[in-house]
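First up is the structure itself, then whatever we jot down about it.
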Amino acid sequence: MQQYKKTQNKLILVLVGLPARGKTHISYKLNRYLNWIGYKSEIFSIKGAQQNNDQLDQNIDYELEIDPANQQFVDVRQQLSFTAAHQLVNFLQNDGDIALYNGLTSTKLDRQKLKSLFKEKLKLEYQVFWIESICDDPQVILNNINESKLSRFKEKTIEQFMNQINVLAQDYESLENIENLSYIKLINIGKLVKVHMLEGYLCSKIVSFLLNLHANNRQIYLVRSCQTEYHLLDKIGGDPELSATGKQHSQQLGDYFIEELKGNKNITFFTSQMKRGIQTAEIVGDKLGIKALKTKNLDEIDYGICDGLTVKEIAAKYPKQIKERKANPLEFKYPRGESFLDVIHRVEPIIYEIERSREPVLIIAHVAVLKCLYAYYHCNQINEIPNIDIPINCVIKLVPIPYHCLESRVIIK
């Protein structure tokens, strides 16, 4: 079962903006992030309501289709937005923490209707934060159309989409201070940011996350530090140096990245402050002509009083802890040690750094840390993290693209 934090008040994040401005992309990334840090979060949208309605023609994009002469389109679009809002209310009335809404919000009247619905239907304390994405860069708009709209509706031309967006733009009203709303405006993918009436720790955290987002695709490489003597002795934790075999594998890793990166030295390169991480990164870095930034955030999970013991020794000395770990591996921690939830909290700043980077990212770290980072990009439920497979001598290459993440794995022999 997923483990969740609880917000003091329920939080609603409302997306505002014309189509092809990145609202869906923003909501997807925010939802992934919020679930990863332990909140129960979900997206409610016209698109989602449409896909769950078998009676509607799925070849029509009701989020975008506008024909003022066709009242049916107008009515269906409004009904889908209304349905998504009611689904959101039901989610928060039950066990949801944070809901993201991507429906009709493009005019002051739309927003007033939505606020009235929340006030009438939500029988609990809640906060609303508005997120507006504004873009006048033609190339960004074109890229968004290609990546999101044309992938769903291949028979549509770009000109048709642009004409429909221009119709919507005639009535569009940007957020204004006189509406008395708490909001952030992201202009041209964060080149300019405006924040108004920001309240609370969680909304501040969300703003901080949004400031690091961009639309560039890049590669993210996750690599475990190479073999140590502890691997041969079946010991956990500790701070051992690389074995002779580990140093050899590190050389082979470097050779792989020489070929993979094609001489590119503009790399965001991180490792831990543990000896095996530093040594692996130094050997790889020497091959590439770059140096890794060493950070304690990427150190292996702390095994507490069991650090440096073999698996058999732990089973003999601490049988109770072994049972507790099997029962709840996500929250379990050895005495004076860390749990996976603790590691998620510790590596969160690294997620910000990865999201900020527009260049390839290489991370050489340790198995528990890499499980947490991997889960973020693949939207794993956090209770799945302990069981994610991160083999040694393997390069995991991730390429985040809109709405999911591509992956390939290469074993270094």
Would you say the side chain of E42 lies within less than 4.5 Å of the side chain of L100, judging by non-hydrogen atoms? no
Set out, in order, the CA-CA distance, both residues' side-chain angles and the distance that settles side chain to side chain donor-acceptor pair (under 3.5 Å) for Y377 and E407, then state yes or no. CA-CA 10 Å; Y377 281 100; E407 177 185 334; over 6 Å; no
Is the closest side-chain heavy-atom distance between V399 and C405 below 4.5 Å? no
Hey, what's the ring geometry for F209 with Y33, parallel, tilted or perpendicular (30° and 60° as the breaks)? parallel
Do you know the tightest heavy-atom contact between A85 and L114? CB-CD1, 4.1 Å
Smallest separation among heavy atoms of Y376 and R32, with atom names: O-CD, 2.8 Å
side-chain contact (heavy atoms from CB on, under 4.5 Å), that's the test. Do V207 and V195 meet it? Break it down for me. CA-CA 8 Å; V207 166; V195 180; 4.3 Å; yes
Passes side-chain contact (heavy atoms from CB on, under 4.5 Å), I350 versus L298? Steps please. CA-CA 8 Å; I350 302 300; L298 290 174; 4.0 Å; yes
If only atom types and distance count, is the side chain of E120 paired as donor or acceptor with the main-chain N or O of L117 below 3.5 Å? no
What I'd like to find out is whether the side chain of F269 reaches to under 4.5 Å of the side chain of I364, using heavy atoms alone. yes
What's the separation between atom CD1 in I187 and atom CG in D137, rounded to the nearest 0.5 Å? 13.0 Å
Hey, does the side chain of N380 reach the backbone of I382 with a donor-acceptor pair shorter than 3.5 angstrom? no
Side chains of L142 and I158: does their closest heavy-atom pair fall under 4.5 Å? yes
Within a strict 4.5 Å, meaning less than it, do heavy atoms of the F118 and I12 side chains meet? yes
Does the side chain to side chain donor-acceptor pair (under 3.5 Å) test come out yes or no for S182 and H196, once each step is laid out? CA-CA 6 Å; S182 175; H196 180 66; over 6 Å; no
With the threshold set at 4.0 Å, does a side-chain nitrogen-carboxylate oxygen contact exist between D342 and K333? yes
From CG (L30) to CD1 (I43), nearest 0.5 Å: 8.5 Å
When you look at K397 and E260, which way does the salt bridge (charged side-chain N to carboxylate O under 4.0 Å, His left out) test go after all the steps? CA-CA 11 Å; K397 178 180 177 180; E260 174 71 14; 2.9 Å; yes
Calculate, to the nearest 0.5 Å, the distance between atoms CD and OG belonging to Q219 and S357 respectively. 10.5 Å
Return yes if some donor-acceptor pair links the side-chain N/O of S81 with the main-chain N/O of L104 below 3.5 Å, else return no. yes
How close do D299 and S272 get, heavy atom to heavy atom, and via which atoms? OD1-CB, 3.2 Å
Look at the side chain of H214 and the backbone N and O of E355, then say whether any donor-acceptor pair between them is shorter than 3.5 Å. yes
Hey, are the side chains of V16 and S106 touching, using non-hydrogen atoms and a 4.5 Å cut-off? no
Please check: side-chain N/O of N102 versus main-chain N/O of S45, any donor-acceptor pairing under 3.5 Å? no
How many angstroms lie between SG in C394 and CZ in R224, if you round to the nearest 0.5 Å? 10.0 Å
Quick check: does any side chain N or O of W36 sit under 3.5 Å from a backbone N or O of C372, one acting as donor and the other as acceptor? yes
Between the main-chain N or O of D136 and the side-chain N or O of N188, is there a donor-acceptor pair closer than 3.5 Å? yes
Cut-off 3.5 Å, side chains only: do N31 and Y39 have a donor facing an acceptor? no
Minimum side-chain heavy-atom gap W130-L175 below 4.5 Å: yes
How would you list, by chain and number, every residue that makes a side chain to side chain contact (heavy atoms under 4.5 Å, CB included) with D239, sequence neighbours excluded? M274, K275, R276
Say whether, by atom type as modelled, one donor and one acceptor occur between the side chain of S27 and the main chain of T24 under 3.5 angstrom. yes
Take atom NZ of K108 as the centre, draw a 6.0 Å sphere, and report whether it contains more than 12 heavy atoms from other residues, nucleotides or ligands. yes
Centre-to-centre under 6.0 Å for Y101 and F44, is that the case here? no
Do any N or O atoms from the side chain of N166 and from the backbone of M162 form a donor-acceptor pair under 3.5 angstrom? yes
Not counting sequence neighbours, which residues clear ring pair (Phe, Tyr, Trp, His ring centres under 6.0 Å) with Y230? List them please. none
Does R21 reach the side chain of I134, with side-chain heavy atoms less than 4.5 Å apart? no
Between T280 and S225, is any side-chain donor less than 3.5 angstrom from a side-chain acceptor? no
How are the rings of Y303 and Y334 set relative to one another: parallel (under 30°), tilted (30 to 60°) or perpendicular (over 60°)? tilted
Decide, yes or no, whether a salt bridge links R111 with E173 under the criterion of side-chain N to carboxylate O below 4.0 Å. no
One pair to check against side chain to side chain donor-acceptor pair (under 3.5 Å): Q139 and N143. What are the steps and the verdict? CA-CA 6 Å; Q139 189 58 52; N143 290 343; 3.0 Å; yes
For D95 against K10, the heavy-atom pair lying closest together: C-NZ, 4.2 Å
Go through the steps for K371 and F340 under the test side-chain contact (heavy atoms from CB on, under 4.5 Å), then give the verdict. CA-CA 9 Å; K371 286 182 178 188; F340 276 100; 4.2 Å; yes
Roughly how far, to the nearest 0.5 Å, is the CG atom of L362 from the OG1 atom of T268? 9.5 Å
Measuring from atom CD1 of I98 to atom CG of L34, what distance do you get when rounded to the nearest 0.5 angstrom? 4.5 Å
Sidechain N-carboxylate O distance under 4.0 Å for E348, R346: no
Tell me, with the steps shown, if N328 and E331 meet side chain to side chain donor-acceptor pair (under 3.5 Å). CA-CA 6 Å; N328 187 1; E331 296 183 88; 3.0 Å; yes
Which heavy atom of C226 sits nearest to which heavy atom of L242, and what is that distance? O-CD2, 3.3 Å
Which atom names give the shortest non-hydrogen contact between Y352 and K205, and what distance separates them? OH-O, 3.5 Å
Dump the intermediate steps for side-chain contact (heavy atoms from CB on, under 4.5 Å) on Y318 and R325, then the final yes or no. CA-CA 11 Å; Y318 305 105; R325 185 176 185 276; over 6 Å; no
Stepwise, does the salt bridge (charged side-chain N to carboxylate O under 4.0 Å, His left out) test hold for E132 with K23? CA-CA 8 Å; E132 182 175 13; K23 300 191 306 297; over 6 Å; no
Is there a donor-acceptor pair under 3.5 Å between the side chain of R77 and the backbone N or O of I46? no
